[in-house]
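Heavy-atom basis, side chains included; hydrogens, waters and symmetry copies ignored. First the proteins, then the strands, lettered A, B, ... as listed; each starts at 1.
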Protein chains: 2
Amino acid sequence: MKWKRSERLVDMTYYLLEHPHQLIPLTYFSETYQSAKSSISEDLAIVKETFEEKGIGMLMTVPGAAGGVKYIPKTSDQEVKEIIQTLITELSQSDRLLPGGYLFMTDLLGNPELMNRVGKVFASIYANQQIDVIMTVATKGISIAHSIARHLNIPVVVVRRDSKVTEGSTVSINYVSGSSRRIQTMVLSKRSMKSGQRVLITDDFMKVGGTMNGMKNLLEEFDCELAGIAVLVEAEHAGETLVDDYYSLVKLHAVNEKDRTIALSEGNYFLKERT
Amino acid sequence: MKWKRSERLVDMTYYLLEHPHQLIPLTYFSETYQSAKSSISEDLAIVKETFEEKGIGMLMTVPGAAGGVKYIPKTSDQEVKEIIQTLITELSQSDRLLPGGYLFMTDLLGNPELMNRVGKVFASIYANQQIDVIMTVATKGISIAHSIARHLNIPVVVVRRDSKVTEGSTVSINYVSGSSRRIQTMVLSKRSMKSGQRVLITDDFMKVGGTMNGMKNLLEEFDCELAGIAVLVEAEHAGETLVDDYYSLVKLHAVNEKDRTIALSEGNYFLKERT
């Protein structure tokens with residue numbers, strides 16, 4: 001079957017979006033569509049221009065025999081601003097306030113469209129770096145981790161609080177939770193990571209950073225390297241944060257349980273230099 | 001700015017794929033692209049034909065003033081067969097065998113591309129039904145749940161084993177786990193679901209179905225209705241399964257710890273009538 005350009009553009013767009021951060025040889029497209037490489041190159045130029053114009057992402061062309069094309073998801077600054085604004089509006093609702101000054105966020109973490117957008121933001125930040133694995137701790141960070149992973153095309157590993165028979169042999173560490181100063185345990189299946197891998201850590205919420213620091217220590221047990229830290233909401237607190245090189249989208253300043261108000265602002269996303 | 005058809009096709013494809021199961025008015029496209037509705041209709045006809053030709057999904061057109069177009073993700077039978085074959089090949093590897101006859105599957109559940117495909121399969125099955133929420137139990141089913149949710153555009157709720165302060169007030173039930181006959185607890189935030197919602201339950205593994213049955217009981221506490229059950233791997237066992245109307249992709253027949261062999265076959269996906 002001979003494909004028309006219009007059909008090729010639709011199918012190519014689908015295929016590229018489904019295979020982020022994967023090098024696709026031009027021959028794949030020319031064979032699939034029974035078309036000359038010159039036509040495919042013209043198609044890709046249109047896709048590239050539209051992706052960049054609309055802030056969908058970049059199309060990287062790698063020349064040569066082992067070359068091809070790679071879709072790199074990217075979120076424009078304007079869209080990041082919109083996402084942050086959505087998060088702040090949502091999180092400011094006074095009925096999110098829980099006893100003890102906690103914020104109810106579970107519904108946002110269960111919203112697939114929002115999580116997809118959040119994941120793309122973090123994937124954009126780390127798009128030009130070598131990241132081999134995303135790590136999070138059960139349960140609430142898992143949706144963010146999977147969404148980042150989908151856009152970077154790398155696996156997710158989930159640290160648990162307890163060891164389970166279905167994980168096989170595990171590595172376990174003790175760490176001190178930042179705010180409560182309690183000793184806690186983290187467990188990760190031995191098969192999760194190989195030594196030398198570069199790991200991006202993510203979670204939904206960070207205060208002092210005890211959990212993040214725990215994951216950092218766990219990385220060391222696997223001879224892996226910390227590549228970055230991505231949190232949805234960071235909370236202001238007295239004293240030092242245990243980790244320093246992180247990105248956050250939203251910052252929680254204070255909650256007032258009596259007036260039922262929640263003070264939030266942009267996280268550090270726009271304050272940091274990006275590579 | 002005036003858009004060319006080729007650019008419209010690329011951007012429209014992206015927009016539709018990002019908004020599954022959402023009715024998009026034609027005016028959205030005609031305003032975005034500054035194009036006549038007749039041109040937009042022609043564009044959509046090309047997208048529709050390509051989506052259907054390539055097994056990407058369906059494009060449903062709703063006529064009238066309140067009408068528009070809706071992308072329904074669908075997986076072709078051939079692709080389902082490929083996914084099942086991939087899963088069987090992966091799961092047959094003898095190094096997945098854990099003490100006690102358990103199978104190590106965590107890496108597959110952490111593979112975003114595979115989970116995306118699996119989620120699309122289950123979303124295809126339930127594409128024509130009213131589903132309001134996807135429910136799973138922490139931790140291993142979460143990646144499947146989110147992938148289904150992304151393709152159906154509905155929220156995920158995660159049942160936990162223990163109650164946590166960040167969940168607010170919760171509903172808790174006791175249930176009997178199927179294989180071990182132990183009493184276990186399930187907890188779900190009260191805000192997770194509204195009465196009358198139709199819920200799809202999912203998990204990575206099911207033997208007797210005790211956990212599934214527990215979630216079914218939990219639904220009743222919320223006055224919600226069971227819309228379906230989707231499991232990645234079901235395991236053969238003596239006696240009755242506690243739930244009956246489920247879909248599975250893979251069936252585990254037996255493991256032999258001495259010979260280190262794992263006997264697997266297709267699940268019931270192709271055995272069941274689909275609506």
*Out of B/Val47, B/Thr50, B/Val10, which residue meets the side chain to side chain contact (heavy atoms under 4.5 Å, CB included) rule with A/Leu9?*
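For A/Leu9, the side chain to side chain contact (heavy atoms under 4.5 Å, CB included) test succeeds with only one of B/Val47, B/Thr50, B/Val10, which is B/Val10.
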*Mind listing the closest non-hydrogen atom pair of B/Ala149 and A/Pro112 along with its distance?*
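Scanning both residues, the minimum pair turns out to be O-CG, 3.7 Å.
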With a 4.5 angstrom heavy-atom cut-off, which part of [X] approaches chain B: side chain, backbone, both or neither?
X	answer
A/Leu16	neither
A/Arg191	side chain
A/His151	neither
A/Gln22	side chain
A/Lys120	side chain
A/Asp11	both
A/Thr166	both
A/Ile134	neither

Let's test your reading of the structure: which of [options] forms the most heavy-atom pairs below 4.5 Å with chain A?
options	result
B/Leu152, B/Ile142, B/Asn153	B/Ile142
B/Asn116, B/Thr106, B/Leu103	B/Asn116
B/Val156, B/Asp43, B/Leu109	B/Val156
B/Val157, B/Ile56, B/Asp107	B/Ile56
B/Pro20, B/Ser143, B/Pro99, B/Ser147	B/Ser143

_Counting only heavy atoms from other residues, nucleotides and ligands, does the tally under 6.0 Å from CD of A/Glu49 exceed 12?_
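For A/Glu49, atom CD is not crowded (no more than 12 foreign heavy atoms under 6.0 Å).
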Let me know if [X] has heavy atoms under 4.5 Å from chain A in its side chain, its backbone, both or neither.
X	value
B/Ser6	both
B/Arg160	side chain
B/Ile154	backbone

Could you tell me whether the side chain of [Y] reaches within less than 4.5 Å of the side chain of [X], counting heavy atoms only?
X	Y	answer
A/Thr32	B/Lys54	yes
B/Val165	A/Leu98	no
A/Lys140	B/Glu167	yes

Largest heavy-atom contact set with chain B, pairs under 4.5 Å, which of [options]:
options	value
A/Pro155, A/Ser169, A/Gly110	A/Gly110
A/Tyr14, A/Tyr102, A/Phe51	A/Tyr14
A/Arg117, A/His19, A/Met12, A/Glu113	A/Glu113

*Contact residues of residues 200-208 of chain A (partner chain B; heavy-atom separation under 4.5 angstrom)*: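 So far as heavy atoms go, nothing in residues 200-208 of chain A approaches chain B to under 4.5 Å.
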*CZ on A/Arg150 to NE2 on B/His146, rounded to 0.5 Å*: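 Rounded to the nearest 0.5 Å, the NE2-CZ separation comes to 14.5 Å.
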